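Notes to accompany the following structure.
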Amino acid sequence: MATTTPEDRHGLRSYLTGFALALILTLIPFGLVATGVLSKTPILVVIAIAAIVQFLVHLRYFLHLDLTTTPRERVFAIAFTIILIFIMVGGSLWIMLDLYNRMMV
Amino acid sequence: MSSDAAIDPGISGQAAPDAHEQRAFGFWLYLMSDAIIFALLFATFAVMVNNTAGGPAGKDVFSLSSTFAETMLLLFSSLTFGLATLATKAEKSGRVLAWLCVTFLLGLGFIGLEIREFADMVEAGAGPDRSGFLSAFFTLVGTHGLHVSFGLIWILIMACQIAVKGLSVPVVSRLSRLGLFWHFLDIVWIGIFSVVYLPGIL
């Protein structure tokens, strides 16, 4: 490692930080499901939070998405995609669950 | 260098780094459209998850240890691909090849576990034709597995290109897009174990 530049070390530290955070955010939900120390609803909430945080960790440390250095059009593209996903997934679930409640319950 | 420079000036009159940036953005748009496909498969799964038609539910067919092993293999492969990216920046083609090989083996282990899981499920009478739940499950997880398989082929192709051409400008440009693809697939897997496996096993 004698030939690595400070930039390399920064990159390596970034990947290792991301990996360590992702590992912790994976172990928490798997550990909760394996041991069952909480009841079902709190575990589901923890799984959801850990997944969202880990999503952000991956974007930041693995895909290097950064609001200041990433090209503006890429940030717009992912923001637009997230809006589309909210409309389409949220809308589908809303319609189907409403239909279920009206017809099956 | 030559192929980038040959294509680009005729179109925009600009130099090779811009061509790389344009391709990176084009590939980014592809990934975004892929993210929408996966999001809709997740929505389909969420709608279908209770439609088991008297067949097995998630807790009957999913294994926590196998899911955990798959998750770890993909997470480690994301790290090793990152190390390959760093070796690319340091222009050490031997180290790039070594880390790509490790990434390939981890990805292959993931696909192997997934194929075994699917085969066991089909053998136990829990194939995609059993219920709406299982159709949605195989479509979602199978689409992800197919993406990982194509990623493995792409890693092999890039390893050959590095061995033959070295770390030329087009090869490095392609490697960066492969990196985006590989890290993207790990992000989709976070969704799969958090939406499909863990709530199913609970």
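Bear in mind the structure is a predicted one, so any value in this text is a computation, not a measurement. The sequence lines fix the lettering, A, B, ..., with proteins before strands; numbering per chain opens at 1.
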Please examine the side chains of B:Thr80 and A:Tyr15, heavy atoms only from C-beta on, and report whether any two atoms are closer than 4.5 Å.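 No, too far: nothing below the 4.5 Å cut-off.
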More than 12 heavy atoms of other residues, nucleotides or ligands under 6.0 Å from [atom1] of [X]: is that the case?
{"X": "A:Tyr100", "atom1": "OH", "value": "no"}
{"X": "B:Glu91", "atom1": "CD", "value": "no"}
{"X": "A:Phe80", "atom1": "CZ", "value": "no"}

Looking at every non-hydrogen atom in both residues, tell me the closest pair between A:Leu93 and B:Ala46 and how far apart they are.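 Shortest heavy-atom separation between A:Leu93 and B:Ala46 comes out as CD2-CB, 3.7 Å.
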Taking all non-hydrogen atoms of both residues, which atom of A:Phe55 and which atom of B:Ile190 are closest, and how far apart?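 Answer, listing the atom of A:Phe55 first, then B:Ile190: N-CD1, 4.1 Å.
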Find the distance between CE (B:Met32) and CD1 (A:Ile85) and round it off to the nearest 0.5 Å.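 The CE atom of B:Met32 sits 8.5 Å away from the CD1 atom of A:Ile85.
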Apply side chain to side chain contact (heavy atoms under 4.5 Å, CB included) to residues B:Val47 and A:Leu97 and explain how you reach the verdict. CA-CA 8 Å; B:Val47 168; A:Leu97 291 177; over 6 Å; no
Output all residues satisfying side-chain contact (heavy atoms from CB on, under 4.5 Å) with B:Thr143, sequence neighbours left out; order by chain, then residue number.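 Per chain and number, B:Thr143 pairs via side-chain contact (heavy atoms from CB on, under 4.5 Å) with B:Phe38, B:Leu41, B:Thr139, B:His147.
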Could you pull out all residues at least two apart from B:Met48 that satisfy side-chain contact (heavy atoms from CB on, under 4.5 Å)?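 For B:Met48, the residues satisfying side-chain contact (heavy atoms from CB on, under 4.5 Å) (neighbours in sequence not counted) are B:Thr44, B:Asn51, B:Ala136.
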Quick one: of [options], who has the most non-hydrogen atom pairs under 4.5 Å with chain A?
{"options": "B:Ile201, B:Val195, B:Ile36, B:Thr85", "result": "B:Ile36"}
{"options": "B:Ala43, B:Ala39, B:Gly82", "result": "B:Gly82"}
{"options": "B:Leu40, B:Leu180, B:Thr67, B:Leu75", "result": "B:Leu75"}

Centre-to-centre under 6.0 Å for B:Phe81 and A:Phe62, is that the case here?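 So the answer is no for these two rings.
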A:Phe19: which residues meet the ring-ring contact (aromatic ring centres under 6.0 Å, His included) condition with it, sequence neighbours left out?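 Per chain and number, A:Phe19 pairs via ring-ring contact (aromatic ring centres under 6.0 Å, His included) with B:Phe76.
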What do the steps show when you test B:Ile187 against A:Leu63 for side chain to side chain contact (heavy atoms under 4.5 Å, CB included), and what is the final call? CA-CA 10 Å; B:Ile187 292 180; A:Leu63 285 175; 3.7 Å; yes
Chain B contacts, top residue of A:Gly90, A:Ala51, A:Ser92 (heavy-atom pairs, under 4.5 Å):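 Between A:Gly90, A:Ala51, A:Ser92, the count favours A:Ala51.
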Let me know if [X] has heavy atoms under 4.5 Å from chain B in its side chain, its backbone, both or neither.
{"X": "A:Leu23", "value": "both"}
{"X": "A:Leu65", "value": "side chain"}
{"X": "A:Ile78", "value": "both"}
{"X": "A:Pro29", "value": "both"}

Which members of residues 42-50 of chain A, sorted by number, sit under 4.5 angstrom from chain B on a heavy-atom basis?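 From residues 42-50 of chain A, the residues near chain B are A:Ile43, A:Leu44, A:Ile47.
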Passes side chain to side chain contact (heavy atoms under 4.5 Å, CB included), A:Arg74 versus B:Glu21? Steps please. CA-CA 11 Å; A:Arg74 279 203 219 184; B:Glu21 192 44 55; 3.4 Å; yes
